[in-house]
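Worksheet: one structure, shown below.
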Amino acid sequence: MKILRRTLGILAMASLPAAAQNQLRAFSDSVEQLSQKVSGAVVQVFATGYALGGDDEGSGTTPAGVVTKQRSTGSGVVVSSDGYILTNNHVVQNARRIRVQLAWTPEASESKSPLMRSTLLEATVVGTDREVDLAVLKINPSRELAVLKLADSDKIRQGQIVFAFGNPLGLENSVSMGVVSSVGRQIRPDDPLTYIQTDAPINPGNSGGPLVDSNGDVVGINTLIFSQSGGSEGIGFSIPSNVVNSIYRQIRKDGHVHRGEIGVTAQSITPELAAGLSLKQDWGVILNDVDPDGPAGTSGLQPGDIILALNDKPVGDLRQFQNTVYRLMLNDVLKIGAVRDMDRFEAEVKVREREDDPFRFLDLVKPEANRVPKLGIIGVAITKDLAAVLPDTRKPYGVIVAARAGESEYSGQGGLKLGDVIYAVNTVPVSSLEALRAAVDRLKPTDPMVMQIERGGRLLFLTLSE
């Protein structure tokens with residue numbers, strides 16, 4: 001049968017005009033060259049950790065309350081020659097140990113590099129963004145690594161050929177080809193993030209791998225699929241590279257991500273809305289509300305203003321408006337073109353930190369001074385000044401979990417999470433880092449530990465054990 005198919009393929013090729021055969025060979029050669037260029041910068045990520053059975057982040061097959069060891073694999077892409085790697089947050093979430101397998105290349109083999117196919121390098125998490133599902137890892141290679149460039153995803157168009165690289169179902173260094181199905185797919189109506197949709201086959205294990213264009217540049221990071229079978233059904237989604245680039249730069253600089261806003265709420269203009277408000281246009285974005293003390297308000301914008309353009313790019317609906325603002329970094333200046341009562345005007349608005357971002361205090365953290373080693377966290381004590389920039393907490397004191405810092409000596413009930421506020425350890429109030437460390441250090445290995453914490457605005461008791 002294989003011989004028959006091969007023979008039919010040769011006959012079909014032979015029946016093509018010479019010019020068509022040359023074009024087909026040229027296309028095949030270009031795809032081969034692109035694959036060789038990209039594959040050297042694609043890695044496989046192995047993560048090992050613990051999860052609580054029955055938890056949303058657990059496997060769903062383990063009885064509730066049982067802590068189990070979990071292993072996950074995914075993909076990543078090298079974006080700097082000294083070892084910075086992008087992947088999905090869900091690939092490394094809850095991981096206690098992360099290792100990265102570099103791609104084998106003929107050049108590495110010929111130079112007798114120690115970084116051969118079977119070499120696994122230890123990786124550390126520089127920072128994560130759970131909201132967007134991105135993580136930045138760092139390895140320490142003994143040579144310069146092949147890297148891929150992040151492209152301008154605003155230039156991607158529907159129908160363009162793209163390639164998905166990664167390790168689907170653990171099959172390392174695989175490539176699949178497809179087209180861009182949509183350039184701005186909004187999965188949830190209230191989600192400001194839009195994705196690149198592609199029909200390039202993406203399967204479990206591709207998560208964190210790059211979606212590249214015909215130049216071999218990264219236009220997105222593959223993150224999820226819609227599937228009824230569990231495998232690829234031609235509906236895959238990638239985080240646009242412009243969003244990825246913004247998050248990557250922030251994490252490299254600060255170790256975390258700042259969320260920006262300009263102090264407005266808005267909605268798309270519909271024909272019904274335009275008719276009811278006697279608007280002269282039935283497209284664009286109208287401002288519902290403007291914080292008078294926020295960046296937009298102090299720049300002169302008012303409720304009822306119609307937004308026509310952001311940074312000289314036309315804005316047709318709320319999705320475009322939200323996506324543009326979402327990608328901005330703190331202190332960026334957004335140029336807004338608007339119309340009010342038939343008069344067009346422009347305003348420059350400086351981006352501020354989003355008020356509901358629970359981690360905007362992280363710039364106050366000094367990792368070594370703020371570590372609580374036995375809990376494996378970096379904490380920040382609530383002070384009067386800090387309380388002024390935080391969401392309302394249930395008590396005026398406590399220690400906020402700002403970041404993870406190595407392995408905890410304690411486990412149970414899923415452990416502490418970013419943003420948790422610790423109020424007490426075994427009924428002993430905790431008002432400072434020193435008090436938290438002392439309360440933990442006093443416990444004997446056989447003693448129980450019950451923390452009173454606040455999570456998501458609710459108080460709860462968290463039971464941990466060594």
Side-chain angles (χ1 to χ4, degrees), residues 41 76-80 84-92 125-138 147-156 183-188 191-197 207-213 217-224 237-264 295-296 309-313 315 318-336 348-363 403 418:
V77 56
V78 182
V79 289
S80 75
Y84 283 91
I85 295 170
L86 295 173
T87 187
N88 283 146
N89 174 67
H90 75 258
V91 172
V92 298
V125 177
V126 181
T128 63
D129 184 353
R130 296 183 65 172
E131 187 171 310
V132 176
D133 193 19
L134 278 176
V136 178
L137 309 180
K138 179 68 170 67
V147 303
L148 295 185
K149 184 176 73 173
L150 294 172
D152 181 358
S153 55
D154 285 344
K155 295 181 179 179
I156 293 296
V183 295
R185 182 65 70 200
Q186 191 174 29
I187 295 178
R188 295 181 298 273
D191 190 347
L193 178 63
T194 59
Y195 297 85
I196 297 171
Q197 181 184 334
S207 292
L211 186 73
V212 305
D213 60 15
D217 297 329
V218 178
V219 298
I221 296 296
N222 300 320
T223 188
L224 61 95
F237 301 93
S238 298
I239 306 165
S241 55
N242 285 351
V243 175
V244 172
N245 194 23
S246 172
I247 292 171
Y248 167 60
R249 287 185 292 140
Q250 292 184 66
I251 289 178
R252 278 204 63 169
K253 178 177 178 290
D254 299 325
H256 57 273
V257 177
H258 294 278
R259 297 290 177 219
E261 66 172 7
I262 59 174
V264 303
L310 298 176
N311 288 338
D312 297 322
K313 294 182 179 180
V315 175
L318 181 62
R319 176 185 59 77
Q320 289 178 290
F321 179 87
Q322 289 178 323
N323 194 35
T324 300
V325 175
Y326 192 80
R327 296 187 328 221
L328 297 173
M329 299 178 66
L330 294 190
N331 300 319
D332 280 352
V333 176
L334 179 64
K335 182 180 178 182
I336 296 180
E348 292 189 345
V349 179
K350 189 175 183 179
V351 178
R352 72 177 180 189
E353 196 145 25
R354 200 172 73 189
E355 292 185 351
D356 63 350
D357 183 0
F359 307 126
R360 61 183 183 275
F361 57 83
L362 288 180
D363 288 331
L418 299 184

Worksheet item: Does the distance from a Lys or Arg side-chain N to an Asp or Glu carboxylate O, for Asp213 and Lys155, drop under 4.0 Å?
Response: no
Worksheet item: Passes side-chain contact (heavy atoms from CB on, under 4.5 Å), Leu334 versus Ile262? Steps please.
Response: CA-CA 9 Å; Leu334 179 64; Ile262 59 174; 4.2 Å; yes
Discussion item. Tell me if a side-chain donor or acceptor on Gln250 pairs with a main-chain N or O of His258 at a distance below 3.5 Å.
Written reply: yes
Worksheet item: Is Glu261 salt-bridged to Arg352, going by a charged N under 4.0 Å from an acidic O?
Response: yes
Worksheet item: Below 4.5 Å, heavy atoms only, C-beta onward: do Leu86 and Val136 meet side chain to side chain?
Response: yes
Worksheet item: In terms of side-chain geometry, is the basic nitrogen of Asp332 or Lys350 positioned less than 4.0 Å from the acidic oxygen of its partner?
Response: no
Worksheet item: Given side chains that start at C-beta, do those of Thr128 and Leu134 come closer than 4.5 Å, heavy atoms only?
Response: no
Discussion item. Donor-acceptor pair, distance only, cut-off 3.5 Å: does the side chain of Ser153 make one with the backbone of Asn242?
Written reply: yes
Discussion item. Nearest 0.5 Å, please: how far is OG1 in Thr194 from CG in Asn323?
Written reply: 3.5 Å
Discussion item. Tell me if the NZ atom of Lys138 is crowded by more than 12 foreign heavy atoms within 6.0 Å.
Written reply: yes
Response to the item:
For Tyr195 and Thr223 the tightest heavy-atom approach is CE2-CG2, 3.8 Å
Worksheet entry | Single hit among Val91, Thr87, Leu224 for side-chain contact (heavy atoms from CB on, under 4.5 Å) with Ser207 | Val91
Fill in: Residues Tyr84, Val78; criterion side-chain contact (heavy atoms from CB on, under 4.5 Å); working and verdict
CA-CA 6 Å; Tyr84 283 91; Val78 182; over 6 Å; no
Worksheet item: Do Asn88 and Ile221 touch side chain to side chain, with heavy atoms closer than 4.5 Å?
Response: yes
Worksheet item: Are any side-chain N or O atoms of Asp133 and backbone N or O atoms of Asn89, one a donor and one an acceptor, separated by less than 3.5 Å?
Response: yes
Item to complete: Work out which heavy atom in Leu330 is nearest to a heavy atom in Gly260; give both atom names and the distance.
Response: CD2-CA, 4.2 Å
Worksheet item: Which value, rounded to the nearest 0.5 Å, describes the distance between Ser246 atom OG and Leu150 atom CG?
Response: 11.5 Å
Worksheet entry | Asp254/Arg249 salt bridge by N-O under 4.0 Å criterion | no
Fill in: Geometric cation-pi criterion Arg185 and Phe237, 6.0 Å radius, 45° cone
no
Discussion item. Give me the atom names and distance for the closest heavy-atom approach of Asn311 to Val333.
Written reply: OD1-O, 4.0 Å
Fill in: Spacing of Ser241 atom OG and Leu148 atom CG [to the nearest 0.5 Å]
11.5 Å
Worksheet item: So, do Val243 and Leu193 sit near enough that their side-chain heavy atoms are less than 4.5 Å apart?
Response: yes
Discussion item. For a 4.5 angstrom cut-off between non-hydrogen side-chain atoms, does His90 reach Arg130?
Written reply: no
Discussion item. Within this structure, what is the OG1-NZ distance for the pair Thr324 and Lys313, rounded to the nearest 0.5 Å?
Written reply: 7.5 Å
Worksheet item: Do Asn331 and Glu353 pass the side-chain contact (heavy atoms from CB on, under 4.5 Å) test, and can you show the C-alpha distance, the side-chain angles, and the key distance before you say yes or no?
Response: CA-CA 9 Å; Asn331 300 319; Glu353 196 145 25; over 6 Å; no
Worksheet entry | Reported CG-to-CZ distance for the pair Leu310 and Arg327, which is rounded to 0.5 angstrom | 10.0 Å
Discussion item. Set out, in order, the CA-CA distance, both residues' side-chain angles and the distance that settles side-chain contact (heavy atoms from CB on, under 4.5 Å) for Val79 and Val147, then state yes or no.
Written reply: CA-CA 5 Å; Val79 289; Val147 303; 5.8 Å; no
Worksheet item: In Å and rounded to the nearest 0.5 Å, what is the CG to CG distance from Asp217 to Leu211?
Response: 12.0 Å
Worksheet item: Under a 4.5 Å cut-off applied to non-hydrogen side-chain atoms, are Asp312 and Lys335 in contact?
Response: yes
